[in-house]
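So the structure is just underneath, and the comments pick up after that.
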Amino acid sequence: MPEDFLHRVVHESLVDVLEKMFFISILDETSDSVPLPVRDEMAVRVAFEGEPSGSLIVRLNRFVARSIAGDFLGVEQEELSDSQVGEVMCELANMICGSVLSRVESAVTFRLNAPEIVDPDQTPADAAIFSVPLGPAAIKVAMITEAPICPPAAEFAS
Amino acid sequence: MAYRVLIVDDSPAMRAFVRRVICLSGVDVADFFEAGNGREALALLANQWVDVILTDINMPEMDGEQFLERLQSEELLRSIPTVVISTDATSHRVERLRQLGACGYIAKPFLPENLREVLERHLGVPYA
């Protein structure tokens with residue numbers, strides 16, 4: 001139950017953030033494009049404090065990251081610096097994390113730490129990973145919490 | 001009338017996005033001012049008058065809650081409409097920020113229309 005709930009919440013949050021802030025529609029279909037290699041991924045981690053505390057890692061192919069950063073800032077891809085792409089990816093991870101945590105609202109106010117770019121290979125093996133197709137790649141979200149995330153009491157009862 | 005808008009957020013990408021959305025929404029902006037946290041914003045407000053403040057919550061040095069408290073403690077600054085833009089949409093956070101003096105709250109992610117509606121409400125911006 002908690003994993004199904006978390007999967008739904010992460011998916012809803014991803015779709016919401018990408019559609020509203022990046023103007024990208026997510027289709028529940030596998031792309032026909034040639035998949036981009038996983039080795040070209042970048043990753044951003046957002047640690048959070050609350051009940052439970054933990055961290056969320058967003059992984060995305062660098063080429064796709066540059067593309068959506070351009071859409072977000074309204075700048076041509078070739079004009080973007082690596083630093084700007086990183087800042088947008090940090091903001092993307094921040095919004096996904098906040099959106100997920102707001103949907104599992106507890107009695108305690110959560111606090112997000114500043115997002116940081118990390119090595120994609122550092123994703124813990126025991127993390128719950130959710131993946132959504134995004135063009136020729138996939139956006140992957142890993143959640144690591146000190147305790148399972150459960151549905152709010154009202155939703156659990158219904 | 002052209003408005004003077006202050007955007008307070010530690011993310012340069014988010015500041016650029018908010019500025020872009022406001023421009024696209026058709027609000028007549030005379031000047032955009034930017035600050036990376038509450039402390040920088042207060043320093044800027046010591047020399048510049050603005051018509052509206054859009055602020056994040058989680059920021060280094062002085063966060064959004066501390067910034068709102070400081071605005072409320074200054075008679076002149078208290079009258080500036082201050083809208084919070086944040087990822088934290090939990091009801092207790094929203095209620096706390098209203099108690100601290102925020103006149104509006106926009107949860108990220110948001111549609112450009114949401115931002116336009118809030119500016120319209122607090123600035124009386126006429127739209128075609």
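Labels below follow one simple rule: chain letters A, B, ... track the order of the sequence lines, proteins then strands, and each chain is numbered from 1.
Remark: side-chain polar atoms of A/Ser102 are paired, donor with acceptor, to backbone N or O of B/Thr87 under 3.5 angstrom. With A/Arg111 contributing its side chain and B/Asn58 its backbone, the two residues share no donor-acceptor pair below 3.5 Å.
Put simply, B/Leu115 and B/Phe32 are part of the same group of oily side chains (I, L, V, M, F, W, Y) that touch within less than 4.5 Å, one to the next. B/Val84 is connected to B/Val94 through a chain of hydrophobic side-chain contacts under 4.5 Å among Ile, Leu, Val, Met, Phe, Trp and Tyr, so both are in one cluster. In the hydrophobic clustering of ILVMFWY residues, with side-chain heavy atoms under 4.5 Å counting as a link, A/Met42 and A/Ile24 come out together. Residues A/Ile117 and A/Leu56 are members of one and the same hydrophobic cluster, defined by side-chain heavy-atom contacts under 4.5 angstrom among Ile, Leu, Val, Met, Phe, Trp and Tyr. Using a 4.5 Å cut-off between side-chain heavy atoms of Ile, Leu, Val, Met, Phe, Trp and Tyr, with links allowed through other members, B/Leu42 and B/Leu44 fall into the same hydrophobic cluster.
A distance of 11.5 Å separates OG of B/Ser86 from CE of A/Met95, quoted to the nearest 0.5 Å. Here B/Phe110 contributes atom CZ and A/Asp16 contributes atom CG; the two are 12.0 Å apart, rounded to the nearest 0.5 Å. Rounding to the nearest 0.5 Å gives a distance of 7.0 Å between CG of A/Asn94 and CG of B/Asp56.
Residue contact with chain B, scored on non-hydrogen atoms closer than 4.5 Å, involves the side chain of A/Glu91 exclusively. Residue A/Phe23 touches chain B through its side chain alone, counting heavy-atom pairs closer than 4.5 Å. With a threshold of 4.5 angstrom between heavy atoms, B/Asn114 does not approach chain A through any atom at all. Neither the backbone nor the side chain of B/Pro60 comes within less than 4.5 Å of any heavy atom of chain A.
For the pair A/Met21 and B/Met14, the minimum side-chain heavy-atom distance is below 4.5 Å. Using a 4.5 Å heavy-atom threshold, the side chains of B/Lys108 and A/Lys20 count as separate.
Counted within 6.0 Å of CD on B/Gln99, heavy atoms from surrounding residues, nucleotides or ligands total more than 12; the atom is thus considered enclosed.
Shown here for A/Phe72 and B/Ala13, the closest heavy-atom pair between the two residues is CE2-O, 3.4 Å.
The choice from A/Val88, A/Leu18, A/Leu73, A/Asn113 that makes the most heavy-atom pairs within less than 4.5 Å of chain B is A/Leu73.
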